Amino acid sequence: MNNKRFLKILIPDTNIYLFITIAFVTVIFFYNIYLGYAGLAVLAYLIYHNWKSNYIRREKWKKYIENLSSEIDSVARYSLLNLPIPLTIIEFDGSISWYNSKFIEMMEEKDILDKNIEDIIPTIELNKLLEEDSDKIRDVKVKERIFSVRHNVVKLDNDHDERYIIMLYWIENTNFYNLKTKYNNEKPNVAFIQVDNYDDVLKETDEEYRPLVTAEIHRRINLWVSRMNGLIKKYQKDKYIVVFENKKLDNLEAKRFTILDDIREIDLGNKIPPTLSIGVGVKGKNLSRLEEFAESALELALGRGGDQAVVRKIDSFEFYGGKTKAVEKRNKVKARIIAHALRQLIDQSNRVIIMGHKSPDMDSFGAAIGVYRAAMDREKEAYIVIDKINAATQNVYDKFKDKEEYRFISCDDALEIFGEKDLLVVVDTHRPSITECPQLIENSDRIVLIDHHRRGTEFIENTVLTYLEPYASSTCELVTEILQYMDEKINLEKIEAEAMLGGIAVDTKNFSLKTGVRTFEAASLLRRAGADTIEVRQLFKDDITTFIAKANVVRNAEIIKGCIAISVCDENIKSPQLVVAQGADELLNIRGIKTSFVIGIKDDGTVFISGRSLGSINVQRILEKLGGGGHLTVAGAQLKDVTTYEAKDMLINAIEEYLEEGEK
């Protein structure tokens, strides 16, 4: 079709002249018939001559095109056979139907015709290659060489018998790949190392052994760095900076940072084992960026309780260690500083908005009440954001809802009244996505964060004051200490003290888990403020339906690995979150059970898991593999678009993966 159009352009259009001649001959017929016949004869000759000339031209052009096509076919054939890169033609089933000489040189073997391409080059993965766009290049390793493979699907038509073939073009990139590998291997990584409990270790060590302990810590860290040919500098008594090549990172991660165990094993007269926190910055575009990554990784490691390594790779984090209980390091000086800073922020604000996490528990509610009291004592207008009350807090909420001095508002109402000079206080969570009203965080430039959970990758960054203490038993304990130092006398009402004491009791499992000296001090302060332990006990009473549901959780439990109990909560029960949490607690009362997990489902179809541990197994690390978080002994996770039994399989896989990591 294109040849015909081109031909019309080359051949002059003489038809218009013939039409003019016909017109003249017709006119001549009117004036002289003899001259008309003569003109008609001339016209006939012109028509014949025009037809013959056009025919000759077409034949010559056709012959030229045919000769040109033949020459092009010859050139194409020659180019195909002598292509300077390997070329392979294969069928859709992978069998090789043709190849050029360069491909034979690449393979260094003969007799490959009709063989399957995946049999001779297993790394090619033909199905994945065909699923990708033809413009996309896939790197394939052939023996010790790297080739970039491009493919093209060609349709053949042999006498209306359609057939498809695949052409593979092999472009060698071995030198580039080796250079890229060398570049990545030699890129620097930056790590910050901190001895978590340096002062506490020396304090509990006899004076004659202190030099031995400090020297051994320093020696083991230096030996660890020297083994990976790194650079180490000690810039404080308990802090180091390390620079090492990226090629050493895989080995460190494979061995799961054995330096953590080496330091913990130091026993030279010290009564407390020293622990390390390590933050590693990877894949930064420059040293400054690597330093920033390493600092944030170290901060995350410390926020999660220490004794672990965190590797930050741009936006992703990898965690190693963290299998021991956190040692309490906070002091009353810090609590006093936080109290004074919070008091100043409240005084500078028009109003105070307080919120915890969604589906609040007793700790979240009690902490919010404590901060609410602090704002009221400073004579500031205050509100607590709660969208929905659940069974876990229904009893305590009923004590406050009818009292005019306590203002509870929804998320929409909070967004409507929130102003530029208002203060937002977030309690018992540091993850913005699970707060009662995440939009408030986005709208606020003045945020105070008070939490006791181990820090995760999701965090409220733009805070003016952060009090994150993973060593505390509960957020209510932290808020109680803050109230103690905000004024000379604590002004808690009886029901407020009971709500906060209830929060401490819930998170410590009635003072049996994660309980320190400061926990009992906070509890005694609340007791002096009027908290009645009998009334607190009444807050945890359940109805008969909930009690039976918990009994079914225990009855349906499955024991794996000899010490881990897993149970699935019945669907369509009232207060599934309360039943799941309390059921996990009950399973720990069974002899031989060290860890428990209970799986439930919400009304909206979200599957959630509660994990509990006596300390030998880190449930936080297990549930982080499923997108959750929490503490070493208490953690949770939520899963979308899965059934409870699919979640159970995922949980078992996460447990096995965690146990395998511990054995490495």
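Fair warning: this is a prediction, and the values are worked out from it, not measured in the lab. Hydrogens, waters and symmetry mates play no part in the numbers below; they use all other heavy atoms, side chains included.
Looking at heavy atoms from C-beta onward, F400 lies out of side-chain contact with E493 at the 4.5 angstrom threshold. Between I655 and I566, some side-chain heavy-atom pair lies under the 4.5 Å cut-off. Side-chain contact between D363 and H452: present, with at least one pair of heavy atoms (C-beta onward) separated by less than 4.5 Å. In this structure, the side chains of V448 and V464 come closer than 4.5 Å at one or more pairs of heavy atoms.
Using a cutoff of 4.0 Å between basic side-chain nitrogens and carboxylate oxygens, E461 and R455 are scored as salt-bridged. Using a 4.0 Å cut-off between a side-chain N of Lys or Arg and a carboxylate O of Asp or Glu, R343 and D347 do not qualify as a salt bridge. Using a 4.0 Å cut-off between charged side-chain N and carboxylate O, D387 and K358 make no salt bridge. Contact check on E535 versus K494 returns no salt bridge, with no Lys/Arg side-chain nitrogen under 4.0 Å from an Asp/Glu carboxylate oxygen.
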Criterion side chain to side chain contact (heavy atoms under 4.5 Å, CB included) on L587 and V554, from CA distance to verdict: CA-CA 6 Å; L587 286 172; V554 176; 4.2 Å; yes
Check against side chain to side chain donor-acceptor pair (under 3.5 Å), T475 and D428: CA-CA 6 Å; T475 309; D428 202 37; 2.8 Å; yes
Residue pair K640, T606: steps toward the side chain to side chain donor-acceptor pair (under 3.5 Å) verdict: CA-CA 5 Å; K640 298 283 188 180; T606 301; 3.0 Å; yes
Chi angles and distances behind the side chain to side chain contact (heavy atoms under 4.5 Å, CB included) call for I599, V607: CA-CA 7 Å; I599 303 169; V607 174; 3.6 Å; yes
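If you take CD1 on I369 and CD1 on I384, they are separated by 3.5 Å, rounding to the nearest 0.5 Å. If you take CG on L526 and CD on Q484, they are separated by 10.0 Å, rounding to the nearest 0.5 Å. Note that the CD1 atom of I386 and the CE atom of M355 stand 12.0 Å from one another [nearest 0.5 Å]. Atom-to-atom distance recorded for L276:CG and F257:CZ is 11.5 Å, nearest 0.5 angstrom. To the nearest 0.5 Å, the span separating CG on D532 from CG on L501 amounts to 9.5 Å. Considering CZ of R527 and CD of E498, their distance stands at 9.0 Å, rounded to 0.5 Å.
Closest approach of S359 to Q577, counting heavy atoms only: OG-OE1, 3.4 Å. For the residue pair I504 and A522, the shortest heavy atom distance occurs at CD1-CB, 4.2 Å. Scanning all heavy atoms of the two residues, the minimum distance from V385 to C437 falls at CG1-CB, 4.4 Å. Across all non-hydrogen atoms, the minimal contact from T508 to S473 is CG2-CB, 3.4 Å. A pairwise comparison of heavy atoms in A497 and A529 identifies CB-CB, 4.1 Å as the closest pair. Nearest heavy-atom pair across Y383 and Y372 is N-CE1, 4.0 Å.
Around CZ of F511, the count of heavy atoms belonging to other residues, nucleotides or ligands within 6.0 Å exceeds 12. Residue R407 places its CZ atom among more than 12 non-hydrogen atoms of other residues, nucleotides or ligands, all under 6.0 Å distant. By the 6.0 Å contact criterion, CG on D445 is open, its count of non-hydrogen atoms from other residues, nucleotides or ligands being 12 or less. The number of heavy-atom neighbours closer than 6.0 Å to NZ of K594, taken from other residues, nucleotides and ligands shown, is 12 or below. Within 6.0 Å of the NZ atom in K203, the count of heavy atoms belonging to other residues, nucleotides or ligands does not exceed 12.
When atom types are taken as modelled, the side chain of T429 and the backbone of R431 share a donor-acceptor pair closer than 3.5 angstrom. With Q308 contributing its side chain and G306 its backbone, the two residues share a donor-acceptor pair below 3.5 Å. Judged by distance alone, with hydrogens and angles left aside, the side-chain atoms of K550 form no donor-acceptor pair with the main-chain N or O of Q582 at under 3.5 Å. Using modelled atom types, one side-chain atom of E458 and one backbone atom of S433 make a donor-acceptor pair closer than 3.5 Å. Judged by distance alone, the side chain of T393 and the main-chain N or O of I389 form no donor-acceptor pair under 3.5 Å. Remark: the backbone N or O of E416 is not paired with any side-chain donor or acceptor of D413 at under 3.5 angstrom. Looking only at distances, a side-chain donor or acceptor of S296 sits under 3.5 Å from a matching main-chain atom of F293. Within the 3.5 Å criterion, the main-chain N or O of D361 finds no donor-acceptor partner in the side chain of S364. A side-chain donor-acceptor contact under 3.5 Å links D196 to the backbone of D307. Checking side-chain atoms of R351 against main-chain N and O of I417 turns up a donor-acceptor pair under 3.5 Å.
By the 30° and 60° cut-offs, the orientation of the rings of F459 relative to H430 is tilted.
No cation-pi contact links R621 to Y658, judged by a cut-off of 6.0 Å to the six-membered ring centre and 45° from its axis.
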